[in-house]
Amino acid sequence: MSSKVEQIQKYLQKTGVEAAFITTPENVFYLSGFLSDPHERLLGIMIFKDTAPLMICPKMEVPDAKAAGWSYEVIGHDDKEDAWEVLATKVASLVGGIQSLAIEKSHLTVERLELLQRFYPNSTVSGIDQLLTDMRIVKSEDELVKLREAAKLADYAIQVGCDELAEGKTELEVLSAIEAAILKKGYYMSFDTMVLTGLNAASPHGTPGNTKIKKGDLVLFDLGVVYEGYCSDITRTVAFGEPGEDQKAVYNAVLNANLAAIELAKPGVPVMDLDKAARDQISNAGFGEYFTHRLGHGLGIGVHEIPSIHGGNELPLVEGMVFTIEPGVYKGDTAGVRIEDDVVVTKDGLEILTKFPKELQIF
Ligand code: MN
Ligand code: MN
């Protein structure tokens with residue numbers, strides 16, 4: 001039996017909960033290899049304490065679910081059926097009634113919970129979110145292989161963006177060239193690509209538009225690519241034409257912050273120490289008030305996972321954790337700079353997955 005399913009079964013045995021119903025597409029993928037967005041239709045995996053698990057998905061997707069490597073039973077529901085009834089009938093045939101059920105509270109809506117509870121009116125309901133989050137925080141070697149590939153594609157996408165830079169071109173023109181290049185290679189982005197030029201980059205979550213690139217601008221790219229279900233997330237800020245001294249000062253502060261956090265990271269170091277090491281560099285350079293977000297976030301099947309790399313998180317780093325290190329300075333009258341790497345904790349430090357150069361590149 002798959003060790004991930006076993007881990008959940010052990011949890012059920014330990015807690016005495018009879019079954020867990022997993023419904024986030026990300027966790028269904030994590031457990032089964034089947035990556036699907038069912039929209040409003042029902043997709044989920046029911047894991048029982050000591051009976052083989054069961055997947056339910058739209059009938060038309062049953063062959064895909066099996067082909068993806070899910071070796072246990074899959075049942076389909078079609079659009080004219082009550083999917084919850086199909087599930088409950090099957091569950092009853094396998095294990096009879098259920099008195100206690102764990103669900104993903106962050107995902108199963110109240111409406112869906114009520115639909116489910118029609119069949120288990122007397123059962124207690126608990127959350128299984130934390131267990132799955134914790135399982136996903138340390139990546140297997142197989143997952144790391146995919147994350148490395150996703151990062152390589154992100155490096156390539158940054159290169160495409162840099163090659164596209166030209167006086168008078170708009171942010172959206174450069175953005176569309178990047179996304180077209182990734183699609184042409186057979187992949188898609190992990191989130192909406194960001195290309196921001198000049199002071200537009202001084203908004204950490206700015207929206208790319210029709211601003212034209214001009215000499216002396218710093219241009220910020222923030223993008224990611226999905227490789228076999230795993231995401232990358234990179235930011236590079238480059239100069240178009242020779243930048244001014246004040247822009248270089250901001251850039252160097254952010255670069256030093258990125259490097260300081262990387263230098264410090266190894267198993268056992270609390271996450272909050274990384275944030276502090278980076279923040280100290282930026283504060284010492286006089287830009288502390290312009291670094292307005294956490295240092296980074298976990299990365300994997302989701303673009304944002306745990307651990308959250310912030311100044312209040314005492315969690316110690318563990319080998320196999322994957323996260324971003326992305327200090328930024330957003331100074332509205334000077335520059336917006338962010339430098340973001342994807343990293344994995346190794347036995348004695350970090351492996352940096354994103355490799356596009358970080359010394360200020362001038363085009
Ligand atoms: Mn990013
Ligand atoms: Mn990020």
Side-chain angles (χ1 to χ4, degrees), residues 26 133 136-137 139 143 146-162 171 174-175 178-179 182 187-197 200-208 218-227 229-238 251 254-255 257-259 261-262 265 271-272 274-275 278-279 282 290-311 313 317 321-330 335-345 350-358 361:
E26 286 180 1
T133 307
R136 279 172 51 182
I137 195 171
K139 271 62 181 179
E143 291 180 294
K146 291 168 184 171
L147 286 159
R148 284 188 194 103
E149 290 303 318
K152 254 186 226 166
L153 289 163
D155 286 338
Y156 165 75
I158 295 283
Q159 186 61 55
V160 170
C162 292
E171 295 166 337
V174 175
L175 183 161
I178 292 170
E179 296 201 343
I182 291 297
Y187 302 98
Y188 56 94
M189 312 307 295
S190 46
F191 56 91
D192 288 343
T193 300
M194 202 183 281
V195 178
L196 299 170
T197 196
N200 288 353
S203 167
H205 276 167
T207 308
L218 293 183
V219 183
L220 183 151
F221 301 100
D222 188 350
L223 57 86
V225 183
V226 182
Y227 181 84
Y230 284 78
C231 299
S232 52
D233 181 8
I234 187 174
T235 306
R236 287 294 185 271
T237 310
V238 302
Y251 190 90
V254 175
L255 178 58
N258 170 284
L259 296 174
I262 287 173
V271 156
M272 61 198 284
L274 303 193
D275 186 276
R279 212 164 289 277
I282 288 174
Y290 307 108
F291 178 13
T292 46
H293 54 71
R294 62 181 173 181
L295 182 64
H297 52 83
L299 188 69
I301 298 168
V303 182
H304 285 187
E305 298 190 354
I306 61 162
S308 179
I309 313 294
H310 66 71
N313 191 349
L317 294 179
M321 283 180 178
V322 174
F323 56 89
T324 68
I325 292 181
E326 50 177 309
V329 166
Y330 313 93
V337 174
R338 182 166 60 256
I339 303 173
E340 175 178 27
D341 283 316
D342 302 343
V343 303
V344 50
V345 180
L350 285 185
E351 174 188 345
I352 318 286
L353 303 181
T354 40
K355 299 187 193 301
F356 194 90
K358 290 187 280 191
Q361 306 286 302

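Position 1 is the first residue of the sequence; numbering continues from there. Atoms within a ligand are numbered from 1 in the order they appear, just like the ligands themselves.
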(Q) Report the atom name of the nearest N/O/S atom of E340 relative to the Mn ion (ligand 1). (A)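 Within E340, restricted to N, O or S, the Mn ion (ligand 1) is closest to atom OE1.
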Q. Which atom, among the N/O/S set of D233, is closest to the Mn ion (ligand 1)?
A.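 The D233 atom nearest to the Mn ion (ligand 1), restricting to N, O or S, is OD1.
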**Q.** Closest approach of G302 to E26 (non-hydrogen atoms, all atoms of both residues)
**A.**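 In terms of heavy atoms, the two residues are closest at CA-OE2, 3.5 Å.
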Q: Mind listing the closest non-hydrogen atom pair of A151 and L353 along with its distance?
A: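 Heavy atoms only, the tightest pair is CB-O, 3.4 Å.
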Q. Stepwise, does the side-chain contact (heavy atoms from CB on, under 4.5 Å) test hold for E149 with Y230?
A. CA-CA 9 Å; E149 290 303 318; Y230 284 78; over 6 Å; no
(Q) Using a distance threshold of 2.8 Å, state whether an N, O or S atom of H297 lies below it from the Mn ion (ligand 2). (A)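 Yes, H297 qualifies, because one of its backbone or side-chain N, O or S atoms lies under 2.8 Å.
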**Q.** side chain to side chain donor-acceptor pair (under 3.5 Å) partner of E171, chosen from N200, T207, T197
**A.**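 Among N200, T207, T197, the one that satisfies the side chain to side chain donor-acceptor pair (under 3.5 Å) with E171 is N200.
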Q: Answer yes or no for D222: is there an N/O/S atom below the 2.8 Å cut-off from the Mn ion (ligand 1)?
A: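 D222 does place an N, O or S atom closer than 2.8 Å to the Mn ion (ligand 1).
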Q: Walk me through it: do R236 and D341 pass the test salt bridge (charged side-chain N to carboxylate O under 4.0 Å, His left out)?
A: CA-CA 9 Å; R236 287 294 185 271; D341 283 316; 2.8 Å; yes
Q: Give the atom name of whichever N/O/S atom in E326 sits closest to the Mn ion (ligand 2).
A: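 The nearest such atom is OE2.
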